[in-house]
J.: 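My questions all concern the structure below.
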Amino acid sequence: MPKRYWLMKCEPSAYSIDDLARDGETCWEGVRNFQARNFMRNDMRVGDEVLFYASNAAPPGVSGLARIARTAYPDHFAWEAGHKYFDARSKPDAPIWYMVDLEFVERFAETVPLSVLKTTQGLEAMKVTQKGSRLSVQPVTRAEYDIVVRLGRPTGGG
DNA sequence: GCCAACGTTGGC
DNA sequence: GCCAACGTTGGC
């Protein structure tokens with residue numbers, strides 16, 4: 001299967017690109033939306049490229065790049081009573097929620113703001129630029145990925 | 001902090 | 001199966 005491209009959201013107060021840079025790799029627990037889970041569980045492969053999106057930030061936008069380091073496996077936090085991500089419906093022998101592992105790739109010098117994504121030609125179809133889109137794990141096209149990477153790596157003149 | 005938009009739940 | 005109520009997301 002060819003490499004795929006994704007956008008994954010997280011609030012920096014919970015986990016930021018700086019945290020990922022420090023950790024090198026992290027598990028992406030806590031996704032509790034079926035559509036987002038399905039993308040992770042069914043479609044993500046090791047080596048897929050990820051736009052790391054900071055939501056509820058100032059400004060919100062893509063703060064860096066990551067890569068899928070491990071395909072989906074059960075989100076065991078759903079089994080831990082009292083945990084923030086506990087869900088009694090999920091059981092070890094019948095998990096509902098899954099997570100993947102992400103590895104750090106790059107931190108943009110400056111976040112590519114949502115406002116820029118919204119006004120950049122070629123990104124009109126991205127879910128994140130559309131009003132009311134709350135999906136925290138979204139597929140993006142290679143063309144969209146490349147445009148955002150270009151925006152995140154200013155050439156410094158020329 | 002506000003609130004619109006969305007996904008989920010549950011009564012019927 | 002419908003849909004109102006609710007909780008959450010996330011831009012502003």
Side-chain angles (χ1 to χ4, degrees), chain A residues 4-23 26-44 48-68 72-102 104-141 143-145 147-154:
Chain A
R4 297 194 193 209
Y5 300 84
W6 306 95
L7 180 146
M8 298 174 79
K9 295 182 189 174
C10 192
E11 301 194 18
S13 61
Y15 199 83
S16 71
I17 191 70
D18 291 323
D19 294 324
L20 185 58
R22 179 199 62 212
D23 295 343
T26 193
C27 61
W28 204 253
E29 79 277 12
V31 170
R32 295 292 179 269
N33 169 282
F34 287 103
Q35 204 178 348
R37 179 209 67 179
N38 290 346
F39 283 131
M40 290 201 303
R41 190 189 59 182
N42 304 344
D43 299 327
M44 283 186 177
D48 285 2
E49 309 285 354
V50 176
L51 300 172
F52 193 101
Y53 182 92
S55 59
N56 257 319
V62 177
S63 55
L65 305 176
R67 189 176 292 126
I68 303 301
Y73 57 105
D75 182 342
H76 57 80
F77 295 100
W79 310 329
E80 295 180 16
H83 193 276
K84 176 184 178 186
Y85 294 129
F86 176 71
D87 184 346
R89 298 172 300 172
S90 187
K91 308 286 182 190
D93 58 353
I96 295 177
W97 304 115
Y98 287 77
M99 54 189 177
V100 296
D101 287 354
L102 285 192
F104 175 75
V105 172
E106 178 176 334
R107 180 193 188 284
F108 289 159
E110 290 187 26
T111 292
V112 180
L114 177 61
S115 59
V116 169
L117 300 181
K118 283 180 172 174
T119 54
T120 299
Q121 205 167 14
L123 302 183
E124 301 84 354
M126 284 183 84
K127 287 188 176 58
V128 76
T129 63
Q130 286 157 21
K131 187 178 178 182
S133 171
R134 291 168 33 178
L135 193 58
S136 64
V137 177
Q138 326 177 350
V140 302
T141 66
E144 290 162 345
Y145 176 89
I147 290 171
V148 175
V149 169
R150 222 156 29 237
L151 292 170
R153 291 175 184 159

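Quick caveat: nothing in here was measured; it's all calculated off a predicted structure. Chain letters run A, B, ... following the sequence lines, proteins first and then strands; every chain starts at 1.
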J.: What residues, two or more places apart in sequence or in another chain, satisfy salt bridge (Lys or Arg N to Asp or Glu O under 4.0 Å) together with A:Arg107?
T.: A:Asp18

J.: Who passes salt bridge (Lys or Arg N to Asp or Glu O under 4.0 Å) against A:Glu144, sequence neighbours left out?
T.: none

J.: For A:Asn56 and A:Arg32, take the nucleotide of DNA chain B holding the closest heavy atom to each; which residue's nucleotide lies nearer the 5' end?
T.: A:Asn56

J.: A:Arg37 near the nucleic acid: base, sugar-phosphate alone, or nothing, with a heavy-atom cut-off under 4.0 Å?
T.: nothing

J.: With sequence neighbours left out, write down each residue that passes side chain to side chain contact (heavy atoms under 4.5 Å, CB included) with A:Arg150, or none if nothing qualifies.
T.: A:Asp146, A:Ile147

J.: For A:Phe34, enumerate each residue passing the side chain to side chain contact (heavy atoms under 4.5 Å, CB included) test, keeping only those at least two apart in sequence or located in another chain.
T.: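 Partners of A:Phe34 by the side chain to side chain contact (heavy atoms under 4.5 Å, CB included) criterion, ordered by chain and then number, come out as A:Arg37, A:Ile96, A:Trp97.
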
J.: Between which nucleotides of DNA chain B, read 5' to 3', does contact with chain A run, using atoms under 4.0 Å from its heavy atoms?
T.: B:dA5 to B:dT9

J.: Applying side chain to side chain contact (heavy atoms under 4.5 Å, CB included), name anything that partners A:Pro95, two or more places apart in sequence or on another chain.
T.: A:Pro74, A:Trp79, A:Ser90, A:Tyr98

J.: For residues 119-128 of chain A, tabulate all N or O donor-acceptor pairs below 3.5 Å that involve a side-chain atom, not counting sequence neighbours.
T.:
unit_1	atom_1	unit_2	atom_2	d
A:Thr119	OG1	A:Ser115	O	3.1
A:Thr119	OG1	A:Val116	O	3.2
A:Thr120	OG1	A:Val116	O	2.6
A:Glu124	OE1	A:Gly122	N	2.9
A:Glu124	OE2	A:Gly122	N	3.2

J.: Quick check on contacts: within residues 109-139 of chain A, what sits under 4.0 Å from DNA chain B by heavy-atom distance?
T.: A:Lys131, A:Gly132, A:Arg134

J.: Out of A:Leu7, A:Leu102, A:Val137, which one pairs with A:Val50 under the side chain to side chain contact (heavy atoms under 4.5 Å, CB included) rule?
T.: A:Leu102

J.: List the residues meeting side chain to side chain contact (heavy atoms under 4.5 Å, CB included) with A:Gln130, not counting sequence neighbours, and say none if there are none.
T.: none

